[in-house]
Amino acid sequence: MWSAASVLVCALSVLGRAERTMPPIELIDFIPPEVSAGAEGFVRRDTGTIYLITSSPVFRDAADARELCGDSLAIKKLASVLAHEEWHLRHGADERGAYEFQLLTLLRLGVMPDNRLYWAVQRSMQHVLAVRRRNHAEIVVASGP
């Protein structure tokens, strides 16, 4: 099993980035209560920090690979999560924009639209956007005309 720091170095390498060119990145073991269940990463705009969740399935898959940086799909997914979260820090809370940038990052990394990883990220985007639309509709109805 590879260290969390080694996995992060692999993901940054796949992105073609050095840690010093990124916002601060913190590796944490558990999802905080205020963060969506199933999250693989998130940001805190007040600190300008990206958090990667080392207990997420994709992080564990990358750490459990036989050779360092060996599970290329897991590493590419983590790289795309970093891109997604960095997008949020630079551009705000818009999930559509962050997911579109994540999908573009996957394409740049050679993960094509017919790949199960690409599909999974697309499905996540659709789910998050649907939940946000539903929540917005509930707020509008609750506040009345």
Under the criterion side-chain contact (heavy atoms from CB on, under 4.5 Å), I'd like the reasoning laid out for L8 against E19: C-alpha separation, chi angles, the key distance, then a yes or no. CA-CA 9 Å; L8 175 58; E19 192 169 358; 4.2 Å; yes
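- Side chain to side chain, D29 and S55 fail the donor-acceptor criterion of an N or O pair below 3.5 Å.
- In this structure a side-chain-to-backbone donor-acceptor pair under 3.5 Å is present from K76 to L109.
- Under the 4.5 Å side-chain heavy-atom criterion for grouping Ile, Leu, Val, Met, Phe, Trp and Tyr, I25 is not connected to I28 through any hydrophobic cluster.
- Residues T47 and P24 fail the side-chain proximity criterion, which asks for heavy atoms closer than 4.5 Å.
- In this structure, T54 and V7 have side chains that are not in contact, with every pair of non-hydrogen atoms separated by 4.5 Å or more.
- At least one side-chain heavy atom of F42 sits under 4.5 Å from a side-chain heavy atom of P32.
- The backbone N or O of A39 sits nowhere less than 3.5 Å from a side-chain atom of S36 that would complete a donor-acceptor pair.
- Residues E40 and I53 have side chains not in contact (no heavy-atom distance under 4.5 Å, counting atoms from C-beta outward).
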Please report, to 0.1 Å, the donor-acceptor pairs under 3.5 Å made by any side chain of residues 83-91, with sequence neighbours excluded.
residue	atom	partner	partner atom	Å
H84	ND1	Q102	OE1	2.9
H84	NE2	H88	NE2	3.1
H84	NE2	E95	OE1	3.2
E86	OE1	R17	NH1	2.9
E86	OE2	R17	NH2	3.0
E86	OE2	R90	NE	3.2
E86	OE2	R90	NH2	2.8
H88	ND1	G92	O	2.8
H88	NE2	E95	OE1	3.4
H88	NE2	E95	OE2	3.3

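- Contact check for V81 versus F59: no side-chain heavy atoms found under the 4.5 Å cut-off.
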Identify each donor-acceptor pair in which a side-chain atom of residues 114-123 lies under 3.5 Å from a protein atom, sequence neighbours left out, and give them as a table.
residue	atom	partner	partner atom	Å
N115	OD1	L117	N	2.7
W119	NE1	P113	O	2.4

